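Inspection log for the structure reproduced underneath, given as structure tokens.
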Amino acid sequence: MTARPARPEDEPWRAAGLDPRKLPRHVAIIMDGNGRWAERRNLPRSEGHRAGTEAVRRVIRASAPIGLSALTLYAFSTENWKRPSQEVESLWRLVPEVFERDLPEIREAGVRVRVVGDRGGLPEEVRTAVARAEAETAANTGMVVTFAINYGGRDEIVRAARRLAIEAKAGAIDPTAIDEAALAARLDTAGLPELDLLVRTGGEMRVSNFLLWELAYAEFVSVPVLWPDFTADDLYRALAEYQRRDRRFGGVAT
Ligand code: FPP
């Protein structure tokens, strides 16, 4: 049987006009709009989060094959504890459920799972599920999917600074030698590629304490779609927008 030529619908990222040579290596997403999605349907907010997990799955499926190195998803912020306890508890039930449901596919796809944030504050079942997902995918060499859970950008920087202080006090590091690389190496995101693109769904233009250090030179794209409605095509459109940007990193256009 002769192979038929690839059609655009086989590779939707090609149909979106993406240039495979100019893809970002590391994309982060603020998955906003679950609550509004549910309220518009007269459903409890927890149903919006549940629908949001389908979008998580779609986006992982859409990103791995195009060759992104890293995808970082904001699942629960250090400020989200202020929400009604029922909503918070529904999120804590959802995380182990999703890991249980999707781990086989993630493992098969060669994706490595990583979690950033303050684990100490997580419920036991969530901590166990997260540790298991990390352990079972640790040897995978494909895209790294990082879930930010109980994560705050300021909190991440404070914890890194605390680590440096402890090392300095113990004499393991010279305080005058502390530079950007030393701090970055102690962040939760150490080892991930530089962040290239932050996408926020739900139409807002805020950073919401996400990846404050890592965002230094990232491009920002706000998408009006609510997270549970976010599709592979929406992701490819955001990547196409990124490819139209002129990144100068503080320099001038060449
Ligand atoms: C923001 O929408 C969304 C969240 C706080 C939770 C995001 C969580 C998921 C998509 C599930 C994640 C699953 C795993 C496995 C980690 P919002 O509730 O603030 O929406 P609103 O702005 O419309 O109220």
Side-chain angles (χ1 to χ4, degrees), residues 27-64 70-107 109 111-119 121-123 125-134 136-137 143-153 155 188 198-211 222-231 234-235:
V27 176
I29 307 182
I30 300 179
M31 309 183 285
D32 196 18
N34 294 350
R36 278 166 283 167
W37 184 93
E39 280 155 22
R40 284 177 197 177
R41 288 163 178 76
N42 282 322
L43 293 168
R45 294 175 60 86
S46 56
E47 287 305 311
H49 298 313
R50 180 171 292 283
T53 68
E54 297 298 330
V56 169
R57 192 194 249 170
R58 281 196 295 274
V59 164
I60 296 174
R61 282 182 182 161
S63 332
L71 176 70
T72 300
L73 303 171
Y74 206 4
F76 191 92
S77 78
T78 45
E79 287 72 38
N80 285 153
W81 291 102
K82 294 181 206 152
R83 295 187 176 210
S85 59
Q86 222 180 2
E87 182 178 347
V88 173
E89 280 156 24
S90 76
L91 277 162
W92 294 144
R93 277 195 300 276
L94 212 49
V95 174
E97 201 180 304
V98 168
F99 281 165
E100 180 77 22
R101 182 191 74 187
D102 290 340
L103 204 51
E105 182 179 338
I106 285 177
R107 231 178 8 223
V111 167
R112 201 171 115 212
V113 174
R114 193 168 157 167
V115 170
V116 293
D118 181 3
R119 294 170 195 232
L122 292 176
E125 312 79 69
V126 177
R127 240 182 328 198
T128 309
V130 154
R132 183 171 158 227
E134 284 180 323
E136 290 194 13
T137 61
M143 183 174 77
V144 180
V145 176
T146 302
F147 293 93
I149 308 182
N150 197 24
Y151 174 89
D155 179 64
D188 297 349
L198 173 67
V199 177
R200 180 171 187 138
T201 63
E204 312 272 9
M205 303 290 274
R206 281 188 295 279
V207 167
S208 298
N209 200 16
F210 193 36
L211 301 175
S222 173
V223 179
V225 176
L226 301 178
W227 177 251
D229 293 327
F230 194 79
T231 62
D234 291 316
L235 174 71

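Values in this document were obtained by computation on a predicted structure and should not be read as measured data. Numbering of ligands and ligand atoms starts at 1, following listing order.
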What's the shortest distance from [atom] to any protein heavy atom, and which residue and atom give it?
atom	answer
atom 3 (C) of ligand 1	Met31 O, 3.1 Å
atom 10 (C) of ligand 1	Asn34 ND2, 3.4 Å
atom 22 (O) of ligand 1	Asp32 OD1, 2.8 Å
atom 11 (C) of ligand 1	Thr53 CG2, 3.9 Å
atom 4 (C) of ligand 1	His49 CE1, 3.8 Å

Would the distance check show the side chain of [X] and the main-chain N or O of [Y] forming a donor-acceptor pair, the cut-off being under 3.5 Å?
X	Y	answer
Asp188	Gly117	yes
Trp227	Thr201	no
Arg200	Asp32	no
Asn209	Gly152	no

Side chain to side chain contact (heavy atoms under 4.5 Å, CB included) partner of Thr137, chosen from Arg132, Arg114, Arg112 | Arg112
Does any N/O atom on [X] come nearer than 3.5 Å to any N/O atom on ligand 1?
X	answer
Leu94	no
Gly35	yes
Arg36	yes

Please could you name the atoms of ligand 1 that [X] approaches to less than 4.0 Å, counting only its heavy atoms?
X	result
Ala75	6 (C), 7 (C), 8 (C), 16 (C)
Arg45	17 (P), 18 (O), 24 (O)
Asn80	5 (C)
Phe147	16 (C)

Kindly give the heavy-atom pair with the smallest separation between Thr231 and Arg58, and that separation in Å.
-> CA-NE, 4.0 Å
Quick note, ring-ring contact (aromatic ring centres under 6.0 Å, His included) partners involving residues 30-59, not counting sequence neighbours, are none
Side chain or backbone of [X] under 4.0 Å from ligand 1, or both, or neither, by non-hydrogen atoms?
X	answer
Val98	side chain
Glu204	neither
Trp227	side chain
Arg83	side chain
Leu226	neither

Are [X] and [Y] ion-paired here, with the side-chain N under 4.0 Å from a carboxylate O?
X	Y	value
Arg93	Glu100	no
Arg45	Glu39	yes
Arg119	Glu134	yes

In chain order, what residues pass the ring-ring contact (aromatic ring centres under 6.0 Å, His included) check against Phe210, with sequence neighbours excluded?
-> Tyr74, Tyr151
What do you reckon, does Gly202 put a non-hydrogen atom under 4.0 Å from ligand 1?
-> no
